[in-house]
There are 2 protein chains.
Amino acid sequence: MPVADVSPRGCTHFKARQFARRLSRRYDAELAMAGLKTTQFSLLTHVLNLGPVAPGELARRMGLEASTLTRNLRPMIAAGWLVQVPGQDARSRRISITGLGQAKQAEGRRRWRVAQTAINRLLGPQRVAALHELLDQLAAELEAAEPR
Amino acid sequence: MPVADVSPRGCTHFKARQFARRLSRRYDAELAMAGLKTTQFSLLTHVLNLGPVAPGELARRMGLEASTLTRNLRPMIAAGWLVQVPGQDARSRRISITGLGQAKQAEGRRRWRVAQTAINRLLGPQRVAALHELLDQLAAELEAAEPR
DNA sequence: CGGAAATAATTGCATCTACAAGTATCCCGG
DNA sequence: CCGGGATACTTGTAGATGCAATTATTTCCG
């Protein structure tokens, strides 16, 4: 008895990107009411959870290039949500969230909740949970296979 | 007997985006050997498959904002891979692929194959197929729920 | 016919993303 | 102590993304 053909059709990257774009518009619309981009909210949340953290470490955790992080930080430091302080060495830094940043994160969190709840309702909590599971697994495997 | 708690944890958008970023780096590395960005390859492929097409229609099919498409087209038209010709009205246009563009797409297609095969091998064809299935379904539902 | 509303695409502005190259600093072996 | 290589970020360059506003046309209704 032949096994089913499981060869994936189409481009995984295109599908992932298109899906991410469609999601972006929803989250961004909600977070815009708090004056935040979705990426900025993620960044605030990561810094809040990790505490003062080196840019390199933060970038690794978020799956971003270090150079991307440098640039994403700029408007947020300018807004006074994050600060950069010297690290151990003269070459390293630490990123910390400010009081203003914490307030902004809390504001964003309320908006994010609304957006996430809408997505759960629209797509079905079980399928969203299944997607999370799959994405978490696959992302971890991609990361593990990345060049050190 | 209580049902399992299926409330999704974490942010769907962040997970999708992080995953897409990790994929991007792999596809882009391969497609760079053909002098293409992944997005450009998608665009070439869509125009090839759809034939001469209005920008608005193309944007809808790809899940892009029209304004994004306008800008993504610019370097590709400059490269001579695509051309823009007048449409029915004076306000509409049609995008077509050139011979040069077809050659570039074929070149990209070989590179894409390599990248996609590597992903299938790394993540497992069954899980990739399952992800495609899920993403296709969910993206379609997001699209259906988008404002007309 | 004439103007309001709809349609199609582009532009202004801001941010996100990443590879390659550059700067500054540190560490380690000789 | 010194020089090469590793580390930690930042910059140069280029494209991707989207919202709001704009331009140009068309359509429709009175």
Kindly indicate whether the side chain of [X], heavy atoms from C-beta on, has any atom under 4.5 Å from the side chain of [Y].
{"X": "A:Leu44", "Y": "A:Gln102", "value": "no"}
{"X": "A:Ile119", "Y": "B:Leu142", "value": "yes"}
{"X": "B:Glu30", "Y": "B:Trp112", "value": "no"}

Contact list for residues 81-110 of chain B, test ring-ring contact (aromatic ring centres under 6.0 Å, His included), sequence neighbours left out
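Non-adjacent pairs meeting ring-ring contact (aromatic ring centres under 6.0 Å, His included): zero.
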
To the nearest angstrom, how far is [X] atom [atom1] from [N] atom [atom2]?
{"X": "B:Met62", "N": "D:dA16", "atom1": "CE", "atom2": "C1'", "answer": "11 Å"}
{"X": "B:Leu64", "N": "D:dA16", "atom1": "CG", "atom2": "C1'", "answer": "9 Å"}
{"X": "B:His13", "N": "D:dT17", "atom1": "NE2", "atom2": "C1'", "answer": "11 Å"}
{"X": "A:Arg93", "N": "D:dT11", "atom1": "CZ", "atom2": "C1'", "answer": "13 Å"}

Toward the 5' end of DNA chain D, which comes first, A:Gly56 or A:Arg21, by nearest nucleotide?
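Checking each residue's closest nucleotide, the 5'-ward one belongs to A:Gly56.
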
For DNA chain D, the residues among residues 68-85 of chain A that have a non-hydrogen atom under 4.0 Å from it
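Hits under 4.0 Å, by residue number: A:Thr70, A:Arg71, A:Arg74, A:Gln84.
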
Using a cut-off of strictly less than 4.0 Å between a heavy atom of the residue and any atom of DNA chain D, enumerate the qualifying residues of residues 22-50 of chain B by number.
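Residues of residues 22-50 of chain B that come under 4.0 Å of DNA chain D are, in numerical order, B:Lys37, B:Thr39, B:Gln40.
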
Using side-chain hydrogen bond (donor to acceptor under 3.5 Å, both in side chains) as the criterion, list what pairs up with A:Arg91, not counting sequence neighbours.
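Here the qualifying residues are A:Asp89.
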
Could you write out each protein N or O paired with an N or O of nucleotides 24-26 of chain D at a distance under 3.5 Å?
residue	atom	partner	partner atom	Å
D:dT26	OP1	B:Ala90	N	3.4

I'd like to know if A:Ser92 reaches the base of D:dC9 with its side chain, counting only an N/O donor and acceptor under 3.5 Å.
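Side chain to base: no pair present.
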
Is A:Val114 linked to A:Leu123 within one hydrophobic cluster, defined over Ile, Leu, Val, Met, Phe, Trp and Tyr using a side-chain heavy-atom separation of less than 4.5 Å?
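They do not share one cluster, since no chain of ILVMFWY contacts under 4.5 Å joins A:Val114 to A:Leu123.
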
Could you see if B:Leu31 belongs to whatever hydrophobic cluster contains B:Leu122? Use Ile, Leu, Val, Met, Phe, Trp, Tyr and a side-chain cutoff under 4.5 Å.
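Hydrophobic grouping puts B:Leu31 with B:Leu122.
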
By the 4.0 Å heavy-atom rule, please label B:Arg17 as base, sugar-phosphate, or nothing.
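Sugar-phosphate, no base atom in range.
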
Can you tell which of A:Arg26, A:Arg21, A:Arg22 makes a salt bridge (Lys or Arg N to Asp or Glu O under 4.0 Å) with B:Glu146?
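Testing each of A:Arg26, A:Arg21, A:Arg22 against B:Glu146, the sole residue satisfying salt bridge (Lys or Arg N to Asp or Glu O under 4.0 Å) is A:Arg22.
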
Measure the spacing between SG of B:Cys11 and CZ of A:Arg113 and express it to the nearest 0.5 Å.
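Answer rounded to 0.5 Å: 10.0 Å.
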
Criterion salt bridge (Lys or Arg N to Asp or Glu O under 4.0 Å) on A:Asp136 and B:Lys15, from CA distance to verdict:
CA-CA 7 Å; A:Asp136 284 346; B:Lys15 289 177 193 294; 2.9 Å; yes

With a cut-off of 6.0 Å (strictly less than), are more than 12 heavy atoms of other residues, nucleotides or ligands near CZ of A:Arg127?
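Above 12, so yes.
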
Take atom CZ of A:Arg25 as the centre, draw a 6.0 Å sphere, and report whether it contains more than 12 heavy atoms from other residues, nucleotides or ligands.
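Atom CZ in A:Arg25 is packed in, count exceeds 12.
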
Check every nucleotide of DNA chain C for an atom under 4.0 Å from a heavy-atom of chain A, then give the first and the last such nucleotide from 5' to 3'.
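The contact span of chain A on DNA chain C goes from C:dT15 to C:dC26.
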
Are B:Phe14 and A:His46 close enough that their ring centres sit under 6.0 Å apart?
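Ring centroids of B:Phe14 and A:His46 are less than 6.0 Å from each other.
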
